[in-house]
K.L.:
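If you scroll down you'll find the structure; I have some questions about it.
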Amino acid sequence: MSTQHAPLAVLGGGSIGVAFAVQFASSKREVRIFEPVAERLAVVETEVRARLQDLAANELLAEPVDVVLGRVRVTSDVTEAVSGCVLAQECAPERPEVKRELFASVAAVNPEAILASSSSALTPSEIGGEEPWADQLIVAHPGNPPYLIPVIELVPGPRTADGLIDAAAEIFENVGLRPVRLTREIEGFIFNRLQGAVLREAYCLLRDGIASVEGIDTVMKDGLGRRWAFMGPFETSDLNVRGGLEAHAARMAAAYESMGAARGQHDPWTPDLVAEAHRQRREQLPLDEWEDRVRWRDLELMRRKRLLG
Ligand SMILES: NC(=O)c1ccc[n+]([C@@H]2O[C@H](COP(=O)([O-])OP(=O)(O)OC[C@H]3O[C@@H](n4cnc5c(N)ncnc54)[C@H](O)[C@@H]3O)[C@@H](O)[C@H]2O)c1
């Protein structure tokens, strides 16, 4: 069976497992959820149905709930869950020994399957170590819940087989997710490193009495977040200053360097680094299209203003 049609396994029917099953099944894939704990086993299908009903009520489900739910099978038998699947999305508790034991049992039944861990904080090396199946292992870290937050970070370990990240990316794209490939493992991946940078500063501002929790959240919610909902920090800066990232850095790099130094962090935007970021942005957006993109940004902000006020 081609990778575009073969069933997908979800290992662990908790918050993330249920949410992955919703995403996979609503993208027309057969899903088998393995859940070993009896109390969870009893409620997984009900939870999947409830999420699908919420999506349907918000006009976000293309088919009737029962049709989508018909693609989901819940089982306490790992062999039944993973036989014939192309990818096993592990959503078990965040303990390396639990994940390791689970992957060993999957690899024993289905040595071809891509082993994808949802782990938020463990790297492929920490999970796979010297295990024989470590070449089939990646971390595929979702947002929560993956049926509403489409990005999924694909993280290889040093032993991950060549081509495995690309094969996983194709499967995830096929079920409506937006994979981002990391070149190698790093603590926190990208999602939590960006989130961590913002949180670190938020705590510093609170500690120093600069503003309240509510005030700091408002600057994000009614300020930065309005743009960050549809552009990343590079595109935001690129569109903020005529001339793009190089012009932005010429104007702002010294100020940001000083703010970083005051927090004990010395990571200046060197000329080479800025030139590389600018080069990559120009591949995405030639400067002669810059004005049009600024207008696009403003129209996107207007759409959000109509929704959010
Ligand atoms: N919750 C989040 O915001 C979030 C976001 C991204 C990634 N993650 C990651 O997803 C994974 C699951 O997190 P969660 O929030 O869904 O946890 P959870 O506690 O809600 O669910 C874990 C599920 O795994 C089951 N389980 C227990 N032992 C198992 C075993 N040996 N094999 C298979 N399943 C087993 C549990 O019964 C439970 O249903 C973690 O690695 C976590 O770091 C979580």
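Atoms within a ligand are numbered from 1 in the order they appear, just like the ligands themselves.
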K.L.:
Does the plane of the ring in Trp133 sit parallel, tilted or perpendicular to the ring in Phe103? Use 30° and 60° as the thresholds.
P.N.:
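Correct class here is tilted.
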K.L.:
Is it the case that one hydrophobic cluster holds both Leu60 and Val22, taking links as side-chain heavy atoms less than 4.5 Å apart, direct or via other members?
P.N.:
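Looking at the clustering, Val22 is in the same group as Leu60.
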K.L.:
Which heavy atom of the protein is the closest neighbour of atom 2 (C) of ligand 1, given with residue, atom name and distance?
P.N.:
Asn144 ND2, 3.6 Å
K.L.:
Atom 19 (O) of ligand 1: protein heavy atom closer than 4.0 Å?
P.N.:
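Given the 4.0 Å limit, the answer for atom 19 (O) of ligand 1 is no, no protein heavy atom qualifies.
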K.L.:
Numbering the atoms of ligand 1 from 1, which are under 4.0 Å from a heavy atom of Ala92?
P.N.:
11 (C), 12 (C), 24 (O), 33 (C), 34 (N), 40 (C), 41 (O)
K.L.:
Can you classify the ring geometry of Phe172 versus Phe20 as parallel (below 30°), tilted (30 to 60°) or perpendicular (above 60°)?
P.N.:
tilted
K.L.:
How long is the gap from CZ on Arg226 to CG on Asp222, to the nearest 0.5 Å?
P.N.:
5.0 Å
K.L.:
Does any N or O of ligand 1 fall below 3.5 Å from an N or O anywhere on Ile16, backbone included?
P.N.:
yes
K.L.:
For ligand 1, which atoms have a heavy atom of Gly13 less than 4.0 angstrom away?
P.N.:
39 (O)
K.L.:
When you measure from atom 41 (O) of ligand 1 to every protein heavy atom, which one gives the shortest distance, and what is it?
P.N.:
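Here the nearest protein heavy atom works out to Glu94 OE1, 2.5 Å.
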K.L.:
Looking at atom 26 (N) of ligand 1, what's its closest protein heavy atom, distance included?
P.N.:
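For atom 26 (N) of ligand 1, the nearest protein heavy atom comes out as Pro93 CD, 3.5 Å.
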K.L.:
Which option wins on minimum heavy-atom distance to atom 22 (C) of ligand 1: Gly12, Ala121, Cys91?
P.N.:
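Among Gly12, Ala121, Cys91, the closest heavy atom to atom 22 (C) of ligand 1 belongs to Cys91.
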K.L.:
How about atom 10 (O) of ligand 1: does it have a protein heavy atom within less than 4.0 Å?
P.N.:
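Protein heavy atom within 4.0 Å of atom 10 (O) of ligand 1: present.
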K.L.:
Does CZ belonging to Arg303 count more than 12 external heavy atoms closer than 6.0 Å?
P.N.:
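Result for CZ/Arg303: open.
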K.L.:
In terms of residue, atom name and distance, what is the protein heavy atom nearest to atom 17 (O) of ligand 1?
P.N.:
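Checking every protein heavy atom, the shortest distance to atom 17 (O) of ligand 1 gives Ser15 N, 4.7 Å.
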K.L.:
Can you confirm whether Arg306 is buried at CZ, in the sense that more than 12 heavy atoms of other residues, nucleotides or ligands lie under 6.0 Å from that atom?
P.N.:
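No.
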K.L.:
Quick test: of every protein heavy atom, which one is nearest to atom 8 (N) of ligand 1, and how far off is it to 0.1 Å?
P.N.:
Ser120 OG, 3.2 Å
K.L.:
Nearest protein heavy-atom contact for atom 39 (O) of ligand 1: which residue, which atom, what distance?
P.N.:
Glu35 OE1, 2.6 Å
K.L.:
Could you check whether any side-chain N or O of Glu173 sits under 3.5 Å from a backbone N or O of Glu170, counting only pairs where one atom can act as donor and the other as acceptor?
P.N.:
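Not confirmed, Glu173 side chain does not pair with Glu170 backbone.
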K.L.:
Counting from 1, what ligand 1 atoms have a heavy atom of Leu102 closer than 4.0 Å?
P.N.:
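Reading through ligand 1 atom by atom, the close ones are 32 (N), 33 (C).
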K.L.:
What residue and heavy atom of the protein are closest to atom 31 (N) of ligand 1, and at what distance?
P.N.:
Val98 CG1, 3.6 Å
K.L.:
Distance under 4.0 Å to a non-hydrogen atom of Lys99: what atoms of ligand 1 satisfy this?
P.N.:
40 (C), 41 (O)
K.L.:
So, does Asn58 use its side chain to make a donor-acceptor pair with the main chain of Asp54 at under 3.5 Å?
P.N.:
yes
K.L.:
So is there a nitrogen or oxygen of Gly14 less than 3.5 Å from a nitrogen or oxygen in ligand 1?
P.N.:
yes
K.L.:
Output the list of atoms in ligand 1 that are nearer than 4.0 Å to some heavy atom of His141, sorted by atom number.
P.N.:
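That gives atoms 6 (C), 7 (C) of ligand 1.
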K.L.:
Could you tell me whether a side-chain N or O of Glu90 sits under 3.5 Å from a main-chain N or O of Ala92, the two making a donor and an acceptor?
P.N.:
yes
K.L.:
Carefully, step by step, assess Ser119 and Ile127 under the rule side chain to side chain contact (heavy atoms under 4.5 Å, CB included).
P.N.:
CA-CA 9 Å; Ser119 178; Ile127 299 168; 4.3 Å; yes
K.L.:
What protein heavy atom sits nearest atom 29 (C) of ligand 1, and how far off is it?
P.N.:
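Going by distance alone, atom 29 (C) of ligand 1 is nearest to Pro36 CG, 3.5 Å.
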K.L.:
Taking Glu131's backbone N and O only, do any of them form a donor-acceptor pair with Arg159's side chain (distance below 3.5 Å, no angle check)?
P.N.:
yes
K.L.:
Under 4.0 Å from any heavy atom of Val37, which atoms of ligand 1 are there?
P.N.:
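Reading through ligand 1 atom by atom, the close ones are 37 (O).
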K.L.:
Would Glu90 count as a polar contact of ligand 1, with the cut-off being nitrogen or oxygen pairs under 3.5 Å?
P.N.:
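Between Glu90 and ligand 1, no N or O pair is found under 3.5 Å apart.
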K.L.:
Taking the six-membered ring of Trp290, is NZ or CZ of Arg293 closer than 6.0 Å to its centre and within 45° of its axis?
P.N.:
no
